[in-house]
Amino acid sequence: MAAPMELSCWGGDWGLPSLHPESLTVMAYAKFSGAPLTVNTISNSWRAPKGDVPVLISEDIVISQPAKILNFLRKQKYNADYELSAKQGADTLAYIALLEEKLLPALLHTFWVDAENYCSVTKPWLASRIAFPLSLYLPGKMSREALNRILLTRGGPPLYSFTEVEARIYRDAKECLNLLSKRLGTSQFFFGDTPTTLDAFVFGFLAPIYKVCFPRLHLQEHLRQLPNLCRFCDDILTCYFRLTVSGHSPAGHDTADANLQKLTQLVNKESNLIEKMDDNLRKSPQHPPRKLTTLKLAAGGEGSSPLNRLSP
Amino acid sequence: AAEPWPENAALYQQLKDEQILLSDNASSLAVQAFLQMCNLPIRVVCRANAEYMSPSGKVPFIHVGNQVVSELGPIVQFVKAKGHSLSDGLDEVQKAEMKAYMELVNNMLLTAELYLQWCDDVTVEEITHPRYGSPYPWPLNRILSYQKQWEVRRKMKAIGWAGKTLPQVLEDVDQCCQALSQRLGTQPYFFNKQPTELDALVFGHLFTILTTQLITDELSEKVKNYSNLTAFCRRIEQQYFESHDRDSSAAAAARAAKRSLLR
């Protein structure tokens, strides 16, 4: 139990510790169960092309897929599902299967296949974080793999054109989001008041859609219409993922100061983005830049409402 | 207004005794069970080229009036449009659960069946290749089955199952059965008193696994470990397949599935 554990995964941006859904899932689970995990973001290493991200290394054991990593953590007595009944454990498996079948294709499409999103956001982001010759090859490879996966699992007859496939996967994804929202209802986590494996998986899949600023946004817009899911993501981000990603940070509730600091950072980032957009639109240097001055903190340090209002 | 269900509705699948494979038989039985539960009469027609006749390339498909619908999901929606539904009495959260469990069965059980049939070399050589191309003359039978194998292996690679070994796949099947068993508990059906499409789907897969003879019995042993699942299959078989006429095709299908599918 005292063996140090190290997780290698893609880095993050836009307020997230990582952009990769599976890495986020593992990190969230580690935070929920209190596992001491050192997180290394892959930047200049050649380990990335092996395709196994995230990778957990503990002493000499190397484990690669999220399900296996979670199993390993459970065996090390870091179990977030301790209080679940057998039926709830079964429900967890079922909902994870739902996420993988219905939501993952649309997620892959938004990140890797949609031409505008891929060229303007994903590829530059990824290429800026990995070493030179690899940055020319790896984004293209991941994009082709994503397209392949979508076509093979979803693209058979009677859908013959790619736009029909796209329409279907987005429809499935929106239905999946609706189902998750209905299941979550008004409770804080999926099984009561403590987060479990299912919360980790849902967070891992939803947070990239929710936070990353893409030019083509329809899935994000649909997600924003489901306020309980947005609140779910924000809660986990503010409570469990504080400012730094690497190093040990115990799960717990923040003080209002830490919340305020994080919110201020996010608001400043958003206001910079909006300033830039304004400049581009108006093209008049005399026009005073708009600053967002409202920073209302609701009671208890919840900051989800101003974040929602700031979406471009 | 819903159109009435015609008398001559037909369900097409591959040839029962010589050609059909584990996964296709499971899907076909699931659809038959669903239609029985809705009390809609259907006769089963076996054709060697059923896969090619189907609009989506997958069996089974039903031919009702002048419409052709394939696969359980679209068939459920089609039947609902005609005014019959098994899941109307469920509330929103239960419907979400039902859909999630159906995805679990498709994701784990169906994929495991496909893996066993097409990626496990022993099974492929001894069972799948001889059965799949059996209605056709040489060399067409070998060409068709190699083509299908290549397709399935490509899909397995894309979803990450190609790297799994057979024990790992069986482990996944066990996990899935455990989840289903825990969800079913001591109830007669998954959503207490009334069967739904989830019950039909689970029945189709589990019954086929239990009654199909493969190279080893490992797959059916995994299901037999859970007594409430075997009791569930027995109950549905008795209620929906044996209580009809001896000549009805559905009962014949269930009886035929009992016979060994090993050539």
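Protein chains get the first letters and strands the later ones, always in sequence-line order, with residue 1 at the start of each.
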Please report the interatomic distance OH(A:Y95) to CD(B:E97), rounded to the nearest 0.5 Å. 5.0 Å
Pairwise distance CG(B:N106) to CG(A:L98) - rounded to 0.5 angstrom: 11.0 Å
Approximate separation, where rounding is to 0.5 Å, of B:M156 CE and A:L152 CG: 11.0 Å
Hey, which of A:K182, A:E175, A:E100, A:K102 has the most heavy atom pairs under 4.5 Å with chain B? A:K182
So which of A:I150, A:L93, A:D91 has the largest heavy-atom pair count under 4.5 angstrom toward chain B? A:D91
Atom CG of A:N148 and atom NZ of B:K155: how far apart are they, to the nearest 0.5 Å? 12.5 Å
Flag side-chain contact, heavy atom, 4.5 Å: A:E101 against B:M102: no
Enclosure of B:K95 NZ (heavy-atom neighbours >12, cutoff 6.0 Å): yes
Do other residues, nucleotides or ligands put more than 12 heavy atoms under 6.0 Å from A:K123 NZ? no
In this structure, are over 12 heavy atoms from other groups packed under 6.0 Å from B:D91 atom CG? yes
A:A97, A:C176, A:G185, A:S85: which one forms the most heavy-atom pairs within less than 4.5 Å of chain B? A:A97
Among B:V93, B:I159, B:V105, residue most engaged with chain A (heavy-atom pairs, under 4.5 Å): B:I159
Atom of A:A90, atom of B:A179 and distance for their closest heavy-atom approach: CB-O, 3.2 Å
Could you measure the distance from the CZ atom of B:R183 to the NZ atom of A:K87? Nearest 0.5 Å is fine. 4.0 Å
Exceeds 12 heavy-atom contacts within 6.0 angstrom, atom NZ of B:K80: no
